[in-house]
Amino acid sequence: MLFDHESAWADEQIYNKIYENSIKFPNEFWTHHIKDISWQKEPDSAFDEISEKWLSGGISNVCYNCVDRHALKNPNKPAIIWYGDEENDRREISFSKLLDIVTKIASILKSRGIKKGDVVGIYMPMVPEAIAAMLACARIGAIHLVIFAGFSAEALAYRLSSANAKVLLTINAFKRGGKEVNLSKNFDLLKSDIKIINLENLENYKVELTNEINWQNSEDDLFILYTSGSSGNPKKIVHSALPYMLYVTTTFKIIFGIKEDDVYFCTSDIGWITGHSYITYAPLFYGLTTVIFSGSPTYPTADRYWKIIEQEKVSIFYTAPTAIRSLQMFNKKFVKDHDLSLLRILGSVGEPINKSAWKWYFETVGNKKCPIMDTWWQTETGGIVIAPLRSLHQKPAVAGRPFFGIKTNIIYSELIIENKWPGICKTSKSHEVFKTGDGAIYDGNDIKISGRMDDVINISGHRLGTAEFECAINKINEVKESAVVAVPDEIKGQTAFAFVVLNDNKNSIPDIIKKIIKSTRNIIGPIAKADFVAFVPDLPKTRSGKIVRHLLRDVANNRKNLSEIHSVANPKAIEFAKIAASQAIFCPDMCRL
Ligand code: WT7
């Protein structure tokens, strides 16, 4: 199954040749790779020019490709190795055992009346059953909707109801960093009559098992995932089953140059797209062992990742810059005490990686032998779009080259995609070029990503809309209105800076700040915290009353030359903002009050 892919992403000349061909004849490129999929009915070609559809006429099933076929061939090979909060919390799930768990969950769902096309919520931490739950949905043609276990009851309720989910798969609680995280208190708060299926004691569940697979065609959906856009509500992204599977698996195979005996460890969470594409679907599709971790990288000591890599003989490790930066602060000994010599490839995803983190990752973790795959992509793109070539002549912190079959361009500093690829989400309009919202620079060979251009903040690789923050802050009685902008943060990449206008009020500032923290935590989750708050009498606005956020961004970032001041109807507000920003309150201190 793993053929001719190893040099495609390593050698500049081979890359250039395949790339040029793939842009001229994308269908040929993709048709070559549909051979990795086990089909019930193989499509004639990857792209049907007349209907403009991917894999038209093809019939297969994502779960069959990720589980059944490996359970038949390699039943005892570990599919998932799980590590929990304590160092000896370890479980190994073979492909045959994974098939049993998936079959059980699929049977439970069927017994509860779940049919093809129904939406199934999954609110679970990184345990093998969570991955099995996703695969069980795929098996019966249900559409999974994973909600990050760190999201609040309100964020959970919004997603379940707006996607019209029929049931919620969950467990009561789990441990992270030595503390219990209670999920049941959140799902108990749900006001809807959604059925809750608790997967905590799966063995005790009595249900008649059914092995039936619901075969999927090119139009069927695999999952819904919410991400942040620039409007107040989370943005609903839908991915189709088969074209998405083709894209994530082909990118995985070629970009990481996988080999059959690779052990793969990605530290993301199924609550995000990385956990869908590159923890669950791509590695299992190729029958690789995927290592998952539900604990904290620094608990009980700051060497959890390195210890797992050593113990499991991990060869490909994929993490986020925010994790690298926080581990970089600890003594090198935490890394060097472990034998990481089997590591072959290192990956980074979620936000731009800065040079110092890149260097530490390359030298200290990779011992200067592992290329760093700085992979750029988005929930909307399904899988990796840009990555550096795997040669060791890499440029630190430069994402690199577009994947085969993808035509990128930079227009007014924004990265755009000019053609169609199988991983694109269904919700994107087919007639338009695909706008990424990210700034990019081209150096003649490679693309460097500079970060978001729109009203989205990337906190520790978690994409959050400034509008979501503002809605949460504006709910507080004492607040008249607010504007939230991004400022850089040494560990988290970016953090939120809130400009807040108060009503006449009698409450003290520390109390109001506590309310702000509580409201964003309740409405979005603990990751959504504004680290800085500045109180202003007024916000700069255009004549039509729109808040001029980019000016506030300049002010919060202490930039001297402010752009487009003339568009502001109340220029005094800019002066107020400058003074307030210089006296902004740092919220982590306030938490201790
Ligand atoms: C946004 C997408 C991609 C899966 C996880 C996040 C930023 C992502 C990189 C990178 C620079 C990156 C972009 C993008 N981003 N990877 N390698 N270099 N920026 O998916 O939540 O949809 O967020 O993350 O700003 O638009 P997401």
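Numbering starts at 1 and runs along the sequence shown. Whatever order the structure lists ligands and atoms in, that order sets their numbers, starting from 1.
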Within the side chain of R176, is there an N or O that forms a donor-acceptor pair under 3.5 Å with the backbone of D85?
->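 Checking the backbone N and O of D85 against the side chain of R176, no donor-acceptor pair under 3.5 Å is found.
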Carboxylate-amine/guanidinium contact K448 D374, below 4.0 Å |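 Looking at K448 and D374, the cut-off is not met.
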Would you call E363 and K332 a salt bridge, taking side-chain N to carboxylate O under 4.0 Å as the test?
->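 Looking at E363 and K332, the cut-off is not met.
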Answer yes if the ring centres of W9 and F256 are under 6.0 angstrom apart, and no otherwise.
->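 No: the rings miss the under 6.0 Å criterion.
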Any idea how F403 and W30 line up, ring-wise: parallel (<30°), tilted (30 to 60°), or perpendicular (>60°)?
-> tilted
The single option from F285, Y281, Y264, W377 passing ring-ring contact (aromatic ring centres under 6.0 Å, His included) against F252 |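 Only one option passes, and that is Y264.
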Please list, by chain and number, the protein residues whose heavy atoms come under 4.0 Å of ligand 1.
-> I273, T274, V349, G350, E351, P352, D374, T375, W376, W377, Q378, T379, D438, I449, R452, N458, R463
